[in-house]
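Scope of the values below: all heavy atoms of this structure, side chains included, with no hydrogens, waters or symmetry mates.
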Amino acid sequence: MDLSRHLRHFLVVAEELHFGRAAEVLGIAQPPLSQSIQRLERELGAELFDRSRRQIELTMAGRLLVEEARRFLAGEERLRAMMRQAGDGELGTLRVGVPPEIPAVTLHALLRHVAEETPGLRLELHELTVPEQLRRLTSAQLDAGLVHHPVDVAGLRSGPVVEIPLGVVLPRTSPLAQARPQPRTGSRPWEITLADLAGHDLVVFPRETSPAWYDRMLDVCRAGGFSPVRLQHARNPEFLLGLVLAGHGVAFEQEAMARREPRLAWRPLAGAPLLRGICVAWPERSAHPAAAGFATLAAGILARDVTAGAPRAAPGTSPSPAPRPWSVVYAP
């Protein structure tokens, strides 16, 4: 039995105390309305209207049912509204993986924007390496993850890709960190070319972190005149910075990473040859309804933060126009 429909019929009859007028209000014929009330009475095991007089009246059971029916229907509407919000990704918890190198300002912006735009959605962040995120995404232990693009894992979808230009992280005492008063044609005084890094070791995350990106980075380095003498692998961002500080090589990262250690310097690469793609990925099957929207939101925040951290002139040099430091690519 459609209890909600019968209760709505009952409340209109209770208000009109006339089956004919109630049928007009409801936009149905009187016989079906009478049958609806009779079925409700049979279902509840009580007469709701006294029909022995010329004008019907509510029985004791009917008077008690009026308020209960209103509460029941109001509760049903709240439930339906809640389910609509949940289906739209506006309620519940979204479990999101973030890599250890994610800047604090980006985390703060993600949490703040989600709280402002979807206050009923709780963002549960997990600090995980990209390989750990991919494993948890495929096993449904995460709803979304901030990972490197391209995502070489079956069964995952990805949102807009933010391409972030990487610069060189090196000790502040390195000659390459000093501004050159007479830069080569086409470059700025504080820029470094890949060929400038010849003879250096390279500190980099292990290949399994992102095989496609790892291979492409080394190909670009070799094409640009930089074949690292040795490769030093570091899984943890702090360990990577420590190796660079200790003179074990240079690293390619975004500027926010180098800011963690004042004894390190960050210099942009001329022509921005290394662009690392970052996007939000989520399981294709049983996807969280908020995942796609979060992917778009995260891309906008990442792009904005990269713009805010665009290369600046080194001390003692004059700034010059910089190319657009990021781009958003909508992956298929």
Side-chain angles (χ1 to χ4, degrees), residues 97-110 127-130 133 145-150 159-172 174 176-177 188 190-194 196-197 200 202-206 209-210 212-214 216-218 220-221 224 226 232-245 249-280 298-314 319 322-329:
V98 294
E101 65 268 21
I102 193 76
V105 65
T106 302
L107 290 179
H108 176 262
L110 283 172
E127 185 185 25
L128 300 165
T129 63
V130 171
Q133 289 188 55
L146 196 58
V147 300
H148 298 152
H149 186 82
V161 181
V162 178
E163 293 185 328
I164 302 176
L166 301 185
V168 184
V169 181
L170 65 169
R172 194 168 290 279
S174 169
L176 291 176
R188 291 170 287 165
W190 63 95
E191 283 183 335
I192 292 177
T193 67
L194 287 170
D196 292 333
L197 300 175
H200 285 77
L202 179 63
V203 184
V204 64
F205 289 100
T209 297
S210 183
W213 162 247
Y214 185 96
R216 179 178 177 278
M217 178 188 61
L218 292 181
V220 170
C221 286
F226 173 41
Q232 298 269 1
H233 292 115
R235 295 181 181 275
N236 186 284
E238 298 302 325
F239 185 52
L240 180 145
L241 296 181
L243 288 178
V244 174
L245 186 60
V250 299
F252 297 123
E253 272 298 341
Q254 59 193 94
E255 186 177 5
M257 174 75 79
R259 289 178 186 169
R260 300 183 181 185
E261 172 50 64
R263 292 169 292 178
L264 293 177
W266 183 91
R267 295 293 178 261
L269 283 168
L274 290 175
L275 298 173
R276 182 168 65 194
I278 297 180
C279 66
V280 171
I301 291 173
L302 284 167
R304 184 204 63 191
D305 289 348
V306 173
T307 301
R312 293 183 293 274
R324 189 183 186 193
W326 61 269
S327 62
V328 177
V329 180

Which heavy atom of [X] sits nearest a heavy atom of [Y], and at what distance?
{"X": "T193", "Y": "A270", "answer": "CG2-CB, 4.0 Å"}
{"X": "R172", "Y": "P262", "answer": "NE-O, 3.0 Å"}
{"X": "A177", "Y": "P171", "answer": "CB-O, 3.8 Å"}
{"X": "P237", "Y": "R260", "answer": "CB-NH1, 3.8 Å"}
{"X": "A251", "Y": "V203", "answer": "CB-O, 3.4 Å"}
{"X": "G224", "Y": "L194", "answer": "O-CB, 3.7 Å"}

Give a yes or no answer on whether the side chain of [X] reaches the backbone of [Y] with a donor-acceptor pair at less than 3.5 Å.
{"X": "R267", "Y": "V168", "answer": "no"}
{"X": "Q133", "Y": "L128", "answer": "yes"}
{"X": "W266", "Y": "E253", "answer": "yes"}

Checking [X] now: which residues fulfil side-chain hydrogen bond (donor to acceptor under 3.5 Å, both in side chains) with it, not counting sequence neighbours?
{"X": "R216", "result": "none"}
{"X": "S174", "result": "none"}
{"X": "E127", "result": "none"}

State, with a plain yes or no, whether a side-chain heavy atom of [X] is found less than 4.5 Å away from one of [Y].
{"X": "V204", "Y": "F252", "result": "no"}
{"X": "M257", "Y": "L241", "result": "yes"}
{"X": "V250", "Y": "V169", "result": "no"}
{"X": "E163", "Y": "R276", "result": "no"}
{"X": "I102", "Y": "L302", "result": "yes"}
{"X": "P165", "Y": "L269", "result": "no"}
{"X": "V130", "Y": "F205", "result": "no"}
{"X": "L146", "Y": "P99", "result": "yes"}

To the nearest 0.5 Å, what is the distance between [atom1] ([X]) and [atom2] ([Y])?
{"X": "I278", "Y": "H149", "atom1": "CD1", "atom2": "NE2", "answer": "12.0 Å"}
{"X": "L197", "Y": "L176", "atom1": "CG", "atom2": "CG", "answer": "6.5 Å"}
{"X": "I301", "Y": "H108", "atom1": "CD1", "atom2": "NE2", "answer": "10.5 Å"}

- Task: Under the salt bridge (Lys or Arg N to Asp or Glu O under 4.0 Å) rule, collect the residues that match up with E261, sequence neighbours excluded.
- Result: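 Testing E261 for salt bridge (Lys or Arg N to Asp or Glu O under 4.0 Å), a comparison that skips the adjacent residues, returns R263.
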
- Sequence neighbours excluded, which residues qualify as salt bridge (Lys or Arg N to Asp or Glu O under 4.0 Å) partners of R235?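 Here the qualifying residues are E208.
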
- Task: Carefully, step by step, assess L166 and L275 under the rule side-chain contact (heavy atoms from CB on, under 4.5 Å).
- Result: CA-CA 6 Å; L166 301 185; L275 298 173; over 6 Å; no

- Task: Go through C279 and V147 one step at a time and tell me if the side-chain contact (heavy atoms from CB on, under 4.5 Å) criterion holds.
- Result: CA-CA 6 Å; C279 66; V147 300; 4.3 Å; yes

- Would L264 and L170 count as a side-chain contact (heavy atoms from CB on, under 4.5 Å) if you check the C-alpha gap in whole Å, the side-chain angles of each, and the deciding distance to 0.1 Å? CA-CA 6 Å; L264 293 177; L170 65 169; over 6 Å; no

- Query: Residues in ring pair (Phe, Tyr, Trp, His ring centres under 6.0 Å) with H233, at least two apart?
  - Reply: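 Scan of H233 (ring pair (Phe, Tyr, Trp, His ring centres under 6.0 Å), adjacent residues dropped) gives Y214.
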
